[in-house]
Amino acid sequence: MRSILDSDITYLPGVGPKRAKLFREELNINTYKDLLYYFPYRYIDRSKFYDIQDLDKDLPYIQIKGRFIQFELSSVGKGKKKLTGYFADNTGVVEIVWFQGINWIKDSVNTLNEYVLFGKPKSFGNKINIVHPDIEEYNKWQKQLANSLYPQYSTTEKTKQNYINSKVIQKLCDTLIKTVKSKIPETLPPYIREKYKLKGLEESLVQIHFPSGVTELNAAQYRIKFEELFYIQLNIQQIKSNRKQSTTGFIFDKSKDKLVKECFFKKIPFSLTGAQTRVLREIRQDLESGRQMNRLLQGDVGSGKTLVALLTMLIAVDNGYQTCIMAPTEILARQHFRSISKFLEGLDVTVNILTGSTKKKDRPKIHETLRSGELNILIGTHALIEDSVEFKNLGLVIIDEQHRFGVAQRAKLWEKNLSPPHILIMTATPIPRTLAMTLYGDLDVSVIDELPPGRTPIITKHFKDSNRLQVFGFMKKQIALGRQVYVVYPLISESENMDYKFLEDGVEGISRAFPIPEYQISVVHGRMKSADKEFSMKMFIDKNTQIMIATTVIEVGVDVPNATVMVIESAERFGLSQLHQLRGRVGRGSEQSYCILMTGDKLPENGYHRIMTMVNTNDGFEIAEADLKLRGPGDLEGKQQSGFAYDLKMANLSQDGQLIQYVKDIASNILDEDPNLDMDKNLVLKNELKEMNKNRVDYGQIS
Ligand code: ADP
Ligand code: MG
């Protein structure tokens, strides 16, 4: 049976087709339920009045009480009028301004009554004024004031032009709540509500729209947050435990170790870090367990994930399976191919590479050797998931920098086998713990939290464009020491509406400041043919060029230990995690490395914040946390690709970490007792999960 909550918003008294259209298009409110869950973004304490003398343009929405002493009508060009009211309390006078609805104000507002105004003070010239405040006669205001917390709903310019403001939404919520009263189905079973002291759903929703006090409001918000996070965890954990029960994995046996040992003892010139050893042990346990591995390997740039991947691949080969590694860009795939081939030189193992630019005539052989099982290791880009690529016995898939791959792409790899191969996903984007728990809660996580020894922390400095010569001077000094330099631009060509540095211009300027024959420059960007890109990269890797001018195509994985300077142009244009990725291109050798963030002379506030975060820390996790705070999880790069389909209305991933941990434990206790949620008391949970997953891809099967 459809619930009343599914009714189209058009039918709510006071809405109708025209408003419904605005609700749909502007606020994404389609049904009663959508409006019920359209929560106020804040509450104003309406028991508080500001003194007019204390008004300041930096104050948010505030409330004042007083009388109008005079009105003034003036013309502001082209037949437009402006009404100014002088509003006073016993501390001062402030100008109240209307550009619309002037006649209505003149007819209904007078200088006799006392009024309560609610609005945002702004500065106008050297005075403070308030434009189009909410206005209410004090007597009436007092009567309707059931409680002092007044909800504010966000609206858009367009809804406001059509007279749908916060107050209108509040009225509609009132109508709605009267309409649906005692028809809102409870979504948490009584035993859970009792045990964790949670209010009922209906009561909570009512409180959120019409709070009767701070304590009640907090309890209501807690209940909604709890529910949101709890169901996500329940879902993730159920998927995970189902998979563990039902999917068998290939068993890789330690006694078969051969290539692993040879590579380890003969080819790797250094010893593994403690973190690498620990992670390899975790991986090894998965591979021996008889269950299919689904592991996320997190590690900052340069922490040595690739080496872990290599040894894991050799375990698969030792056990007679094929393996592949999928990288997000051609450059990165080639880089992997080069370094992996080097580590495997002289060992009895075959490696090849397949990317979009692999020549047609070379493809049949690759396909053929894959099918016959002759080829052990295949490295590539998403060309690997083309239909024509078939493995004989794919035992392990490694996905590098996975946040760039779509869920559907991963699914395709999965389908390449009758039994699913073991999956190791590597990411250099440190994901804050809370986000990882929600995004990737169905994966096991290993973390490399230690850099190989001998690295000196990168020094990061901020320079403004006007100090460019200083930066060039510094680059010359480093080049004179035999080092190499990256210069990265946000854009290839000049863009009309953005005042950012672009690569073509940079190539010109840098060529002038660093002339041939003393200096050689490589250029790499996304519009080049891949053969040209490859050539340019190789020139830089082989130290034939000292400067590499590039766009963010070099963001991931490129490894040139002799490069010690990373100059990022228009750094304010980049997100934090991108800046951190770029910085990770240097500091890979033992020499002191530098990251120079160039920005315009004027910086927007959040741009400045990002730059300072970079200057102050090298810790990827700290940066990821800052990123989450600055941008909110909705914006995190790759959110969509990673399949984050949960729409949080109340909970906040960057603030509710503790609660996430709490509900995670609760969910897992419930599933321990009742893995399929078959008990009567858990019926509600089962139904809610079903509802929740109706419209989502089953990415638990995929990742
Ligand atoms: P990531 O993939 O995590 O960014 P890489 O695997 O590319 O890091 O490693 C970065 C560099 O550090 C490479 O040049 C690699 O050879 C080197 N490296 C990896 N592990 C170690 C180690 N244990 N000791 C010294 N150097 C290492
Ligand atoms: Mg890497």
Side-chain angles (χ1 to χ4, degrees), residues 5-44 46 57-63 76 80 82-83 96-102 104-105 117-124 129-136 149-177 179 205 208-211 221 224 228 497-498 604-606 630-636 639-640 644-654:
L5 295 182
D6 295 325
S7 313
D8 194 306
I9 194 70
T10 317
Y11 304 117
L12 185 70
V15 179
K18 196 176 158 229
R19 280 185 163 180
K21 187 162 180 273
L22 280 164
F23 271 130
R24 265 196 304 276
E25 288 169 5
E26 293 291 304
L27 306 176
N28 199 20
I29 295 173
N30 296 287
T31 62
Y32 285 14
K33 184 172 182 180
D34 293 339
L35 180 59
L36 197 58
Y37 280 82
Y38 194 72
F39 296 151
Y41 67 96
R42 66 155 167 239
Y43 299 84
I44 311 288
R46 292 214 103 175
K57 70 169 174 40
D58 295 327
L59 285 173
Y61 280 78
I62 48 84
Q63 203 172 229
V76 282
K80 286 190 182 152
K82 168 177 138 179
L83 180 68
I96 309 299
V97 179
W98 292 271
F99 298 99
Q100 281 154 19
I102 290 178
W104 183 84
I105 295 289
L117 305 190
F118 176 74
K120 162 105 185 73
K122 295 200 168 128
S123 78
F124 179 70
N129 71 14
I130 300 177
V131 182
H132 290 180
D134 285 357
I135 178 163
E136 195 103 47
L149 288 174
Y150 193 82
Q152 289 291 295
Y153 297 89
S154 51
T155 52
T156 67
E157 273 313 306
K158 203 159 168 200
T159 63
K160 273 188 222 139
Q161 277 162 18
N162 290 279
Y163 306 102
I164 302 179
N165 53 25
S166 175
K167 210 164 158 184
V168 169
I169 294 183
Q170 191 195 14
K171 282 215 179 91
L172 292 172
C173 284
D174 186 39
T175 312
L176 175 63
I177 282 170
T179 314
L205 289 169
I208 282 167
H209 292 286
F210 298 94
Q221 288 174 329
I224 303 289
E228 281 184 334
N497 45 14
M498 279 187 285
E605 191 181 328
N606 66 352
L630 281 174
R631 305 207 288 170
D635 258 0
L636 278 194
K639 180 194 100 164
Q640 263 130 17
F644 189 77
Y646 303 106
D647 181 18
L648 297 176
K649 307 255 187 224
M650 182 66 78
N652 179 327
L653 294 182
S654 69

* Asked: Asp174: what forms a salt bridge (charged side-chain N to carboxylate O under 4.0 Å, His left out) with it, not counting sequence neighbours?
  -> Lys178

* **With Lys33 via salt bridge (charged side-chain N to carboxylate O under 4.0 Å, His left out) - residues at least two apart** => none

* Residue list, side-chain hydrogen bond (donor to acceptor under 3.5 Å, both in side chains) with Ser154, at least two apart or on another chain -> Tyr38

* Asked: Would a 4.5 Å heavy-atom cut-off, applied to side chains only, mark Leu176 and His209 as touching?
  -> no

* Hey, are the side chains of Gln63 and Tyr150 touching, using non-hydrogen atoms and a 4.5 Å cut-off? -> no

Nearest atoms (heavy-atom pairs only) where [X] meets [Y]:
{"X": "Lys120", "Y": "Asp58", "answer": "NZ-C, 4.4 Å"}
{"X": "Met650", "Y": "Ile224", "answer": "CB-CG2, 3.8 Å"}
{"X": "Pro121", "Y": "Leu59", "answer": "CD-O, 3.9 Å"}
{"X": "Ile29", "Y": "Ile9", "answer": "O-CG2, 3.9 Å"}
{"X": "Glu228", "Y": "Ala651", "answer": "OE1-N, 2.8 Å"}
{"X": "Ser166", "Y": "Pro151", "answer": "OG-O, 3.7 Å"}

Hey, what do you get for [atom1] ([X]) to [atom2] ([Y]), rounding to the nearest 0.5 Å?
{"X": "Leu27", "Y": "Lys158", "atom1": "CG", "atom2": "NZ", "result": "11.0 Å"}
{"X": "Ile130", "Y": "Ile62", "atom1": "CD1", "atom2": "CD1", "result": "4.5 Å"}
{"X": "Ile105", "Y": "Trp98", "atom1": "CD1", "atom2": "CH2", "result": "5.0 Å"}
{"X": "Asp134", "Y": "Lys167", "atom1": "CG", "atom2": "NZ", "result": "5.0 Å"}
{"X": "Ile177", "Y": "Leu36", "atom1": "CD1", "atom2": "CG", "result": "6.0 Å"}
{"X": "Asp8", "Y": "Thr31", "atom1": "CG", "atom2": "OG1", "result": "8.0 Å"}

* Asked: Which ring pair (Phe, Tyr, Trp, His ring centres under 6.0 Å) pairs, counting each pair once, include a residue from residues 6-37, with sequence neighbours left out?
  -> Tyr37-Phe39

* Asked: Residues two or more places apart in sequence or in another chain: which of them pass ring pair (Phe, Tyr, Trp, His ring centres under 6.0 Å) with Phe99?
  -> none

* Asked: Would you find more than 12 non-hydrogen atoms of other residues, nucleotides or ligands less than 6.0 Å from Lys160 atom NZ?
  -> yes

* Asked: Would a distance-only check, ignoring hydrogens and angles, find a side-chain to backbone donor-acceptor pair under 3.5 Å from Thr159 to Ile164?
  -> yes

* Intermediate values then yes/no, side-chain contact (heavy atoms from CB on, under 4.5 Å), Phe210 and Gln170 -> CA-CA 9 Å; Phe210 298 94; Gln170 191 195 14; 4.0 Å; yes

* I would like to know whether Leu35 and Ile169 meet side-chain contact (heavy atoms from CB on, under 4.5 Å); could you show each step before the answer? => CA-CA 9 Å; Leu35 180 59; Ile169 294 183; 4.2 Å; yes

* May I have all residue pairs that pass salt bridge (Lys or Arg N to Asp or Glu O under 4.0 Å) and include part of residues 22-32, sequence neighbours excluded? => Lys21-Glu25

